[in-house]
Peer 1: 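The following block contains the structure, expressed as structure tokens.
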Amino acid sequence: MKTTTKKLSDTKVEIKVTLDAADLKAARERAVERLAANVKVQGFRKGKAPASMVEQQLSPNDIAGETIDIAVRMTMPKAFDELKQAPIAIEKVDVTKYVPDESAEYTAKADVLPDVKLGDFNKLKTKPEKTVVSDKDVQEIIDNITKAYAEKKVVKRAAKLGDEVIIDFVGKKDGEAFPGGTANDHHLTLGSGEFIPGFEDGIVGHEAGDKFDLEVTFPKDYPEKTLAGQKTVFETLVKQVNEVVKPEENDKLAAKCGNFKTMDELRADIRKNLEMQNSHRANEQYRDALVKELVEKSKVAAPEILVQDQLRFIKEDVVRNAASYGMKFEEFVERAGQSIEEWEKSARELAEARVKASLVLQILAKEQKIEALEEEVEAKITELRDVYHKSKEALANLKKPEVRQDIRNRLVIDKTMDFLVAANGGDAIMNQPAKKAKKTTKTSADKAEKATKSKTTKKSEK
């Protein structure tokens with residue numbers, strides 16, 4: 001066997017393999033054995049007759065076809081071993097010459113893992129960001145808690161800032177209703193900034209039963225380009241005005257939020273949780289920035305087939321996100337202020353960055369001999385079993401060899417990231433689970449989180 005290689009790009013090659021009579025003889029013997037399994041020779045059980053007798057009943061064309069197929073399968077792995085670049089996928093195989101029992105020639109195009117030249121991984125300039133929790137940050141959570149526990153009383157007076165109103169509205173541009181501009185029985189807290197500028201102020205002073213046209217102009221930088229900078233009219237009906245009465249910030253409120261005796265204890269708990277959240281976020285950003293810098297210092301190409309895989313994953317995430325809002329992919333992207341072309345460009349950049357990061361970390365792990373021990377893999381699988389103990393499908397997947405290997409690979413990447421952090425003087429314990437602060441009741445924690453994220457999607461819909 002003789003092999004020659006043509007490099008088409010950093011991640012794609014074409015190999016040309018020439019086979020001699022000896023290569024074809026070995027393949028022919030296997031071909032006859034395989035075909036013989038389905039041949040019945042009188043006096044012998046199926047598949048038990050001597051090869052010489054079976055061969056007499058086989059078509060020469062069948063033998064030739066099976067021989068070249070086996071010859072290609074037998075010799076291709078060796079051809080790539082000589083290339084010393086692992087193939088990701090064989091794109092196309094063409095038999096260009098075949099003289100049965102004498103010689104054959106074929107070419108194969110393949111995507112291969114690129115040669116990665118790793119940059120200096122222990123002299124990176126990226127530093128972890130210091131995080132600070134201010135009194136204002138703590139007070140914002142307290143404010144959200146008071147909102148969650150606030151009482152609402154129906155009042156018969158003109159609405160003012162801070163009130164909640166229940167409204168119906170229809171948004172129109174040039175006399176025609178536009179998508180996403182209509183709602184019934186919508187609860188809106190005036191002054192929340194939930195809607196575009198001018199909308200909430202325009203409701204102030206109106207009472208229940210008032211029906212009026214509210215003229216507003218969308219911001220010039222509004223994500224929905226058909227509405228950006230446009231004058232519109234909202235036909236509005238105020239159906240109810242609720243006065244929002246917030247509870248006092250006292251020990252009684254603290255007790256509602258969990259096992260706290262005083263507001264000082266609650267504030268301390270909130271500060272501790274915010275510090276852990278901010279630290280975790282900053283550490284994740286630091287790790288990502290380290291890898292990004294290492295990629296920039298390294299020589300690495302992204303194989304197109306791996307980029308396409310990542311693009312598929314990215315799009316699937318967006319499609320699921322869109323579906324959760326009752327939208328199609330295209331509509332969701334446009335609502336985010338991007339054209340499909342712009343989204344595809346940014347998604348490709350992200351996909352290429354992910355592939356390059358993965359390849360660089362794999363090489364770093366290989367060079368530093370970083371591995372996941374069998375007991376570490378088993379411990380992770382046990383942890384996942386506990387998490388998904390109610391899902392038969394998930395538990396079944398955990399038994400699959402490919403899933404086990406994926407878990408192993410992820411553990412190696414995590415350990416490699418820890419190594420990279422430590423090599424650059426970062427905090428190597430960032431990947432350790434944080435200790436839990438004093439447990440709050442489910443009700444108060446959920447309400448506080450919900451209140452913190454209370455900005456609805458109405459800004460993007462109106």
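Numbering of residues begins at 1 and proceeds along the displayed sequence. Keep in mind the model is a prediction, meaning the values are calculated, not measured.
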Peer 1: Roughly how far, to the nearest 0.5 Å, is the OH atom of Y222 from the CG atom of L227?
Peer 2: 6.0 Å
Peer 1: Among L266, N273, L274, find the residue that satisfies the side chain to side chain contact (heavy atoms under 4.5 Å, CB included) test when tested with I141.
Peer 2: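 One option only clears the test, and that one is L274.
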Peer 1: Do you know the tightest heavy-atom contact between A301 and T11?
Peer 2: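 Where A301 meets T11 most closely, the heavy atoms are CB-CG2, 3.8 Å.
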Peer 1: Of all residues at least two apart in sequence or in a different chain, which pass the side chain to side chain contact (heavy atoms under 4.5 Å, CB included) check with D168?
Peer 2: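 Here the qualifying residues are N184, D185, L237, K239.
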Peer 1: Heavy atoms, side chains only, cut-off 4.5 Å: are H186 and F169 in contact?
Peer 2: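 A side-chain contact under 4.5 Å exists here.
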Peer 1: Using a distance-only test with no angle check, is there a side-chain donor-acceptor pair under 3.5 angstrom linking S391 and E393?
Peer 2: no
Peer 1: We want to know whether Y106 and T75 form a side-chain donor-acceptor pair, criterion being a heavy-atom distance below 3.5 angstrom.
Peer 2: yes
Peer 1: What I want to find out is whether D309 reaches R312 closely enough, with some N-O distance under 4.0 Å, to be called a salt bridge.
Peer 2: yes
Peer 1: Is it the case that Q338 and E334 place a side-chain donor and acceptor less than 3.5 Å from each other?
Peer 2: no
Peer 1: Per the side chain to side chain contact (heavy atoms under 4.5 Å, CB included) rule, which among T416, V116, L118 passes with E367?
Peer 2: L118
Peer 1: Within the 3.5 Å criterion, strictly below it, is a donor on Q362 or S358 matched to an acceptor on the partner's side chain?
Peer 2: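 Result is yes, a qualifying pair exists.
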Peer 1: Quick one: list whatever passes side chain to side chain donor-acceptor pair (under 3.5 Å) with D111, sequence neighbours left out.
Peer 2: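 Side chain to side chain donor-acceptor pair (under 3.5 Å) list for D111, sorted by chain: K12.
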Peer 1: Could you tell me whether K415 atom NZ has more than 12 heavy atoms of other residues or ligands within 6.0 Å of it?
Peer 2: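 Above 12, so yes.
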Peer 1: Hey, are the side chains of V291 and L361 touching, using non-hydrogen atoms and a 4.5 Å cut-off?
Peer 2: yes
Peer 1: Within this structure, what is the CD-CD1 distance for the pair E275 and I270, rounded to the nearest 0.5 Å?
Peer 2: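 If I round to the nearest 0.5 Å, the distance is 12.0 Å.
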Peer 1: Looking at K109, I want to see if its NZ is surrounded by more than 12 non-hydrogen atoms of other residues, nucleotides or ligands under 6.0 Å.
Peer 2: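 No.
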Peer 1: Quick one: NZ on K16 to CD on E105, what's the gap to the nearest 0.5 Å?
Peer 2: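 With rounding to 0.5 Å, NZ (K16) is 4.0 Å from CD (E105).
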Peer 1: Roughly how far, to the nearest 0.5 Å, is the OG atom of S9 from the CD atom of E14?
Peer 2: 12.0 Å
Peer 1: Given side chains that start at C-beta, do those of V355 and E352 come closer than 4.5 Å, heavy atoms only?
Peer 2: no
Peer 1: Salt bridge between R28 and D101, side-chain N to carboxylate O under 4.0 Å?
Peer 2: yes
Peer 1: Step through the shown structure and confirm whether more than 12 heavy atoms of other residues, nucleotides or ligands are within 6.0 Å of CD on E176.
Peer 2: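 It does not: E176 CD has 12 such atoms or fewer within range.
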Peer 1: Of all residues at least two apart in sequence or in a different chain, which pass the side chain to side chain contact (heavy atoms under 4.5 Å, CB included) check with E129?
Peer 2: Q285
Peer 1: Checking N283 side chain against S279 main chain: does a donor-acceptor pair fall under 3.5 Å?
Peer 2: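 It does hold such a pair.
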Peer 1: Answer yes when E102 and K97 have at least one side-chain N-carboxylate O distance shorter than 4.0 Å, and no when they do not.
Peer 2: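 K97 and E102: not salt-bridged.
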Peer 1: Parallel, tilted or perpendicular for F199 and F234, by the 30°/60° rule?
Peer 2: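 Perpendicular, since the angle between the ring planes exceeds 60°.
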Peer 1: Any chance you could measure K356, atom NZ, to L359, atom CG, to the nearest 0.5 Å?
Peer 2: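 Going from NZ on K356 over to CG on L359, the span is 10.0 Å.
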Peer 1: Looking at residues at least two apart in the chain, or sitting in another chain, which of them share a ring pair (Phe, Tyr, Trp, His ring centres under 6.0 Å) with F329?
Peer 2: W343
Peer 1: Between R335 and E331, is there a salt bridge with N-O shorter than 4.0 Å?
Peer 2: yes
Peer 1: So, taking the atom named CG in D69 and the one named CZ in R34, what distance separates them when rounded to the nearest 0.5 Å?
Peer 2: 6.5 Å
Peer 1: Count the heavy atoms belonging to other residues, nucleotides or ligands that lie under 6.0 Å from CD of E374, then report whether that count exceeds 12.
Peer 2: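 Result for CD/E374: enclosed.
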Peer 1: Report yes or no: do N409 and Q405 form a side-chain donor-acceptor pair below 3.5 Å?
Peer 2: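 Q405 and N409 do have a side-chain donor-acceptor pair below 3.5 Å.
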Peer 1: Do D94 and K92 meet the salt-bridge criterion of a basic N to acidic O distance under 4.0 Å?
Peer 2: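 Salt bridge flag = yes for D94 with K92.
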Peer 1: Is the CZ atom of R73 crowded by more than 12 outside heavy atoms at less than 6.0 Å?
Peer 2: no
Peer 1: Considering residues at least two apart in sequence or located in another chain, which fulfil the side chain to side chain contact (heavy atoms under 4.5 Å, CB included) criterion with R354?
Peer 2: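 In terms of side chain to side chain contact (heavy atoms under 4.5 Å, CB included), with neighbours along the sequence ignored, R354 is linked to Q310, I314, L350.
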Peer 1: Is the number of heavy atoms from other residues, nucleotides or ligands under 6.0 Å of R410 CZ greater than 12?
Peer 2: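 No - once you tally the heavy atoms of other residues, nucleotides and ligands closer than 6.0 Å, there are 12 at most.
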Peer 1: Might you confirm whether atom CZ of R271 has over 12 heavy atoms from other residues, nucleotides or ligands at distances under 6.0 Å?
Peer 2: yes
Peer 1: Would you please name every residue forming a side chain to side chain contact (heavy atoms under 4.5 Å, CB included) with K297, sequence neighbours left out?
Peer 2: L124, E293
